[in-house]
Trainee: 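If you scroll down you'll find the structure; I have some questions about it.
This structure is a prediction, so every number in the text was calculated from the model and none was measured. Note on naming: letters A, B, ... go to the chains in the order of the sequence lines (proteins, then strands), and numbering restarts at 1 for each one.
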Amino acid sequence: MLATELKKGTTPLLVLSLLEATPRHGYELSKLITSRSGGVVQIHAASLYPLLYSLEQKKWVRGRWVEKSGQRRRRYYELTPAGARQLEVQRRSWAEFARAVSHVAGVAHA
Amino acid sequence: MHEWREEIERRMAGSGLPASEEAEVVEELAQHLEDRYEELMARGAGEPEARAAALAELESGAETLASAVSGVRGVGSPTQPPPGATAAGGISGLVGDVRYAVRSLRRSPGYAAAVLVTLALGIGAASAVHAVVHPLLLRPLPFPDPERLVTLDVALIPGEYGLIREHVTSFDIAALYRPGAAFGLSGDGEAERVVGAETTPELFSTVGVGPVAGALPDAVEAGAGEMAVLSYGLWQRRFGGDPGVVGRAITLEGRPVPVVAVMPPGFSYPGRSELWLAAPLDRANAAGLWGTGGYRIVARLRPDAPAARAEAEIRALSSAMSDANPFWTPRADYRSDVRMISLTEATVGEVRRALWLLGAAVSLLLLIACGNVGNLILARGLGRVRELAVRTALGADRGRIVRQLLTETMVLVTAGGVLGIALALLAVRSIRGILPPDLPRSGEVGLDIGVLALAVVVTLVTGVLLGVLPARRATRFDLHHSLRDGGRATGDRSGRRLSSGLVVGQVALAVVLATGAGLVGRSLLSLHRVDTGIDRMEVVTARIDLPAAHYAQAARRNAFHDELVARLAALPGIHSVATTSQLPFSGHLQIGAMAVEHVTTDPNNLPVFIYRRVTPGFFEAVGIPLRQGRPFSSADGEPGALPVAIVDETAAREFWPGEDPIGKRLGRPWMNEQLVVVGVVGSVLDGNLAGEPERTVYMPLAVDPPHNAFVVLSGAGTGGAAALLRSVVRQIDPSVPVSEIATVRSLVGGSLGGQRLSAALLASFGLLALILAAIGIYGVLAYAVAQRGRELALRRALGATGGDLVGIVLGHGLRLTAAGLFLGLGATVAFGRVLAGMLHGVEPRDPATLALVTATVLAAAILAATLPALRAGRAEPMQAMRE
């Protein structure tokens with residue numbers, strides 16, 4: 001239960017972080033989230049794309065159709081300057097939150 | 001790849017995105033699914049496995065893909081505003097909203113159809129009934145100051161009118177007329193019979209309508225001749241609108257009458273007059289003044305004179321009226337109870353109550369229809385609370401959601417209104433077909449701008465009310481509770497009770513109306529089976545009118561009748577022919593008092609008979625059996641022959657019970673008439689199938705041949721007979737009009753017009769009420785199932801089968817229906833006495849009708865409950881866990 005709620009709140013952070021280095025398309029993002037979280041976080045297309053669209057709506061990312069020879073066109077998302085600032089804000093608050101939770105729950109001492 | 005697209009498009013239905021935007025989303029997701037599928041295949045997964053995994057990508061908890069995407073996609077993008085996102089809803093915003101609404105409705109066809117049907121029926125019925133009620137009841141008479149026009153509740157004798165004009169000071173002006181007159185119009189083409197009124201010339205200035213051509217002389221000197229006034233319709237039809245007809249003479253009843261004026265279109269008072277024969281009262285002619293009755297007065301009150309004073313003035317004339325009458329001495333209290341009534345009252349008085357009831361019933365129906373729609377919309381809104389909550393959580397603003405809900409309702413209401421108006425047009429056409437032809441002002445029944453405007457206003461008000469309520473509800477939701485409770489409304493007990501009560505009331509109303517329709521229908525059937533006493537119902541009849549001028553002498557009239565009968569009888573295929581002064585069910589009744597020798601004693605209180613003058617072959621031609629004695633022979637009509645009569649069984653039984661009627665005498669004492677009874681024939685009904693036969697006396701037609709007669713003709717079909725009759729009459733005298741060609745059966749059927757109207761109205765209202773009640777049951781149950789989703793799932797989890805759940809919902813529907821049935825049947829039995837007067841051959845508590853209604857209502861209820869019940873049956877235990 002907690003994992004579900006956590007996932008909901010943290011997916012935007014994950015997506016923004018993955019776009020920090022380079023523009024990526026949706027499938028790539030979903031694969032990276034699964035592999036880098038070791039399978040703990042999985043996101044279906046039905047949740048991922050609405051999330052991407054809402055990030056786009058907030059102007060944190062920008063989507064663009066890119067055609068590469070021999071492939072169907074794909075939509076790549078890149079981080080905007082506003083998105084980069086937002087990523088910093090979210091990273092900081094996540095770190096504070098994680099520290100606070102660890103502290104209270106005694107995770108660090110376990 | 002295509003397969004992914006289909007799956008995605010299916011889930012995107014109703015997203016409300018512009019087509020290009022949606023296509024991009026579909027493409028992007030399809031690409032994603034294809035990538036996943038290919039990757040799994042490459043890793044060696046089986047095809048079905050890979051496919052399932054790819055499709056699983058489209059699953060996302062409670063929210064639909066469409067709503068998840070539509071909430072976020074493209075908002076803020078400068079090129080493609082989403083539905084309703086632009087400020088104050090520009091045109092593109094409105095179009096988007098409407099498109100969104102249509103798509104979303106398409107996803108719930110059952111709901112959309114139920115709302116549409118309800119609205120169309122409600123609005124259609126209200127508009128149709130209003131179209132009927134408005135001109136007949138609410139629209140004032142098409143005359144200036146109609147409230148000052150009055151008439152008396154009795155028919156007058158011309159002499160009385162003379163006294164009223166001289167002595168009653170409360171009237172500005174008054175006119176006397178005889179309605180329902182008919183004139184033979186010849187010359188200018190084929191002779192025809194035109195319906196109209198004989199009137200004094202003041203009629204037109206009294207009602208306050210002037211002519212479109214010619215002039216109406218207001219003051220006419222005594223001794224001035226007759227004048228003809230044409231209706232606009234007759235002027236166009238018969239004279240091609242020729243202005244030259246004014247001032248020239250036309251041939252009425254065989255004599256030339258100058259046309260003085262043409263009335264404006266739409267003027268047909270009294271009744272449906274096409275021609276007015278205006279003549280001043282001839283004071284030199286006492287017989288004309290006092291001899292004949294059946295006249296009506298219409299008067300215009302002085303602005304300062306109350307109707308009561310005029311009434312008192314007329315009552316005060318009582319003794320003057322009886323003193324002035326040279327022909328008989330009326331009772332002492334003659335005219336002392338005469339009542340003054342408004343012309344409007346007199347014109348629509350009889351149907352007024354029925355029409356008010358109709359209006360009230362249809363308003364109730366409309367109200368119920370609105371209640372139904374309200375229930376349906378609530379039920380739907382409830383099912384979507386969670387969806388709306390999620391969308392709000394994802395950033396869709398509440399104003400936009402309200403707008404979308406409102407748009408959805410308005411789309412439905414507009415479509416319902418359009419359908420309703422179409423239905424109303426159809427209904428008005430069929431109502432016009434069944435209105436009794438003599439119903440006053442029925443020609444004005446029709447959908448006009450006013451009625452359509454009303455329909456539009458009703459539609460809009462309904463839409464806004466129904467749209468705002470659920471929209472308000474939707475915005476009041478609390479995200480936290482909605483997500484937690486899965487959208488179960490709480491604290492809504494009173495609303496639920498209200499809608500249940502509404503449904504019970506609807507069922508009861510449907511039961512009452514359906515029972516009424518059933519009873520009146522059965523009564524109608526039993527009236528059709530009534531024995532009229534006439535054996536040959538297929539005999540063809542027609543009316544012939546001998547113009548007064550050419551046929552002043554009885555001998556000429558007799559010669560016409562003889563020749564007509566002889567010529568027709570000589571034709572091949574004709575079995576028998578006769579003419580008569582009065583035919584049963586023709587709508588023309590001649591009655592009069594007679595003294596019966598040794599039986600009646602009081603000359604002022606004589607029994608009234610139906611008089612019928614007939615040619616010798618009459619009884620054989622229409623199939624009235626001879627019980628005793630002999631029929632008429634041609635010798636009976638010869639001058640100097642013994643005056644004879646034939647009576648019917650009713651008269652024979654009444655006056656000479658246990659005696660031989662043959663040889664008895666009766667007659668009109670003031671004519672020194674002594675008729676010897678030579679035969680007794682079977683009794684026949686006239687005019688009223690539900691009534692008893694009235695005493696009737698038959699006399700040889702040749703003794704006093706009438707100007708207006710009916711010819712009866714057996715052995716020819718109606719179609720052939722009509723042409724035959726016209727050609728034979730034209731050969732004898734082209735100035736004689738032939739009209740009212742019919743069979744006796746159709747005349748008898750025509751006498752049921754009023755009953756047929758009430759049966760048809762009751763039946764359509766019953767059907768309407770039944771449909772609405774069924775939709776109501778559906779709405780309430782659908783609402784309940786949506787509300788109790790978690791409870792049903794829980795029951796399922798606790799071991800109830802799908803069948804049990806179906807049973808629970810069906811039981812709920814049947815309980816509501818049973819309560820409505822109980823109430824409705826109770827009301828029917830209680831109001832049975834009101835209906836009893838309208839019924840013939842069937843009891844108000846007729847068990848067969850009540851059983852049929854009960855069965856029909858139950859069947860409709862079960863049908864309505866099935867859909868929600870099945871939905872309940874599909875409740876899954878997991879649902880309870882998830883929510």
Trainee: Relative to chain A, which segment of B:Arg11 carries a heavy atom at a distance below 4.5 Å: side chain, backbone, both, or neither?
Mentor: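 Neither part.
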Trainee: May I ask you to check whether over 12 heavy atoms, not counting those of A:Arg73, lie within 6.0 Å of atom CZ?
Mentor: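 Correct, the count exceeds 12.
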Trainee: For A:Arg64, does the CZ atom sit with more than 12 other heavy atoms under 6.0 Å from it, leaving out its own atoms?
Mentor: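 Not more than 12 within 6.0 Å, no.
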Trainee: What I want to find out is whether A:Arg74 reaches B:Asp35 closely enough, with some N-O distance under 4.0 Å, to be called a salt bridge.
Mentor: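 Counted as a salt bridge, because a side-chain N and a carboxylate O are separated by less than 4.0 Å.
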Trainee: Is any side-chain N of the basic residue among A:Arg75 and B:Glu27 closer than 4.0 Å to the acidic one's carboxylate O?
Mentor: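 No, no charged N to carboxylate O under 4.0 Å.
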Trainee: Looking at B:Glu57 and A:Ala45, what are the two nearest heavy atoms and their distance?
Mentor: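 Reported closest heavy-atom pair: OE1-N, 2.7 Å.
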Trainee: Do you know which two heavy atoms are closest between B:Glu28 and A:Tyr77, and how far apart they sit?
Mentor: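 Heavy-atom minimum between the residues: OE2-OH, 2.5 Å.
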Trainee: Find the one option among B:Leu58, B:Leu29, B:Ile8 whose heavy-atom pairs under 4.5 Å with chain A are most numerous.
Mentor: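 Greatest number of close heavy-atom pairs with chain A: B:Leu29.
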Trainee: Could you check whether A:Tyr27 and B:Glu39, counting side-chain N and O atoms only, form a donor-acceptor pair closer than 3.5 Å?
Mentor: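 Looking only at side-chain atoms, A:Tyr27 and B:Glu39 do form a donor-acceptor pair, the distance falling under 3.5 Å.
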Trainee: State the CD-NE2 distance between A:Glu28 and B:His32, to the nearest 0.5 angstrom.
Mentor: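 One finds 12.0 Å between CD of A:Glu28 and NE2 of B:His32.
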Trainee: Could you check whether atom CZ of A:Arg62 has more than 12 heavy atoms from other residues, nucleotides or ligands sitting under 6.0 Å from it?
Mentor: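 Atom CZ in A:Arg62 is not crowded, with 12 or fewer foreign heavy atoms closer than 6.0 Å.
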Trainee: Name the region of A:Leu55, side chain, backbone, both or neither, that has any atom closer than 4.5 Å to a heavy atom of chain B.
Mentor: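 Contact with chain B involves no heavy atom of A:Leu55 at all.
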Trainee: Can you tell if the side chain of B:Val25 reaches within under 4.5 Å of the side chain of A:Tyr53, non-hydrogen atoms only?
Mentor: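 The answer is yes, as the side chains (C-beta and beyond) meet within the 4.5 Å cut-off.
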